[in-house]
Amino acid sequence: MMNTATPARPQASGNPAPSRDRSIDTAVGLLIVLVVWGHAIAPLSGPYAETLEQWLYMFHMPAFVFLSGYLTRKSSHWSPGKIAARLLFPYVVFQVLHAVVQSAVTGTWHWPSLVQPAWTTWYLLSLLVWRLAAPWLERVRYLVPITFAVALGAGVIAVIGPDLSLARTLGFLPFFALGLTWKDEWFARLRHLPVRLVAFAAFVAAGVYAFITEDHVSRRIFFLHEDYADLDYSDTDGILVRAGVLAAGFILTLAFVSLTGWTRGWLAQAGAASLVIYLLHPLVLYPGREYGYSTVIGEGAWLLIMTIAAPLFAYAVSRPAVIRATRPLMDYRFWVGRGHVKGGRHAGGDR
């Protein structure tokens, strides 16, 4: 969901780097707005909010991981030290900030932990592993089906859990693998009108399924951070359920790719600055996460408020002034005097 460098299209040796693909920025921007919106409506427990949340979790993280894999493949070089520094620095900083904000909201001190990711920071650790492993993953034949099997098997092993984001790293790995092996010409094939109509129908079908099942399907199955026993499944049932979750994620990720490809200025800016948006928005949402929202107004009104607030937040936080002001929290290079970095960051980054 975030980048630690500006990805560029491939270039011939010695030629200047071309401009970044703003359609990819726009797709990332749309997803980051949906992430903020999904977290904002999470405290609501009515049927419509539950339906929307389940619908979102069916595709928004798979699509983000896919784009992370795609942008990792498209980046210009691979440096393990830089990858680690650029992802571990904000991880440590925001582990501390999450603990401070949660302590202030609850009135009880919460010690920061480097082993147990705080709410959204898990993605930094998973992205670190995926990007470090990318050169070796690219050499594996049949990478997507192999990682699909790995994701299914991870749920059987109890020690693979939320610590260090290991369960999610393996669970979402097939989507990263898909992005890592993606060919540019496939974008055009998916964006023909008949395919887009099917893609739209897939999203509608997912919404209908979420509405029908929202009262008895646990959203925890989409998080991919627990073993099957913790979800009260046998290994066989857990594998079948996770296979369905992964299959839905693949279908809707491809549908998302089909329906995007256009460019919108403010969404592209939000996509380029998605690291800032992603890391800051939970700090704002902690009160609602801990205590819920006022019941003075109903679920419908809260949904409308959050539907307006999520893109406004993304727009405001993606402004250059905010990016500059928060750079000391996001970029270790600020502290070592390695120059000014313009703009924000999104999924993928330098390799």
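Not measured: the values here are computed from a predicted model.
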Flag yes if more than 12 heavy atoms outside [X] fall under 6.0 Å of its [atom1] atom; otherwise flag no.
X	atom1	result
Phe203	CZ	yes
Tyr291	OH	yes
Trp109	CH2	yes

Residue pair [X] / [Y], side-chain heavy-atom distance below 4.5 Å:
X	Y	value
Lys74	Asp184	yes
Phe250	Val144	yes
His98	Pro282	yes
Tyr91	Pro117	yes
Arg131	Leu87	yes

Which pair of non-hydrogen atoms, one from [X] and one from [Y], has the smallest distance, and what is that distance?
X	Y	result
Ala154	Ile160	O-CB, 3.9 Å
Leu124	Leu275	CD2-CD1, 4.4 Å
Leu303	Trp37	O-NE1, 4.2 Å
Ala202	Leu252	O-CD2, 3.7 Å

Using only heavy-atom distances, determine whether the side chains of [X] and [Y] contain a donor-acceptor pair under 3.5 Å.
X	Y	answer
Gln54	Thr213	yes
Thr263	Ser23	no
Ser45	Glu50	no

Where the side chain of [X] meets the backbone of [Y], is there a donor-acceptor pair that is under 3.5 Å apart?
X	Y	value
Ser258	Leu190	yes
Thr147	Val150	no
Glu299	Ala49	yes
Thr51	Pro47	yes
Arg327	Tyr332	no
Trp302	Ser294	yes
Arg191	Leu259	no
Tyr293	Gly298	no
Ser234	Asp237	yes
Ser318	Ala273	no

Distance check, rounded to the nearest 0.5 Å: [X] atom [atom1] versus [Y] atom [atom2]?
X	Y	atom1	atom2	answer
Gln102	Tyr286	CD	OH	4.5 Å
Lys183	Arg189	NZ	CZ	9.5 Å
Arg242	Phe148	CZ	CZ	10.5 Å
Ile277	Gln269	CD1	CD	8.5 Å
Phe172	Phe66	CZ	CZ	15.5 Å
Leu52	Met306	CG	CE	13.5 Å

Taking the six-membered ring for Trp, is the centroid-to-centroid distance between [X] and [Y] below 6.0 Å?
X	Y	answer
Tyr70	Phe187	yes
Phe64	Phe175	no
Trp130	Tyr123	yes

### Task
Indicate yes or no: does Arg73 engage Glu138 in a salt bridge with an N to O separation below 4.0 Å.
no
### Message
Can you tell whether the side chains of Asp230 and Arg220 come within less than 4.0 Å, N to carboxylate O?
### Response
no
### Task
Would you kindly check if the NZ (Lys) or CZ (Arg) of Arg86 is within the cone defined by 45 degrees around the ring axis of Phe89 and under 6.0 Å from the six-membered ring centre?
no
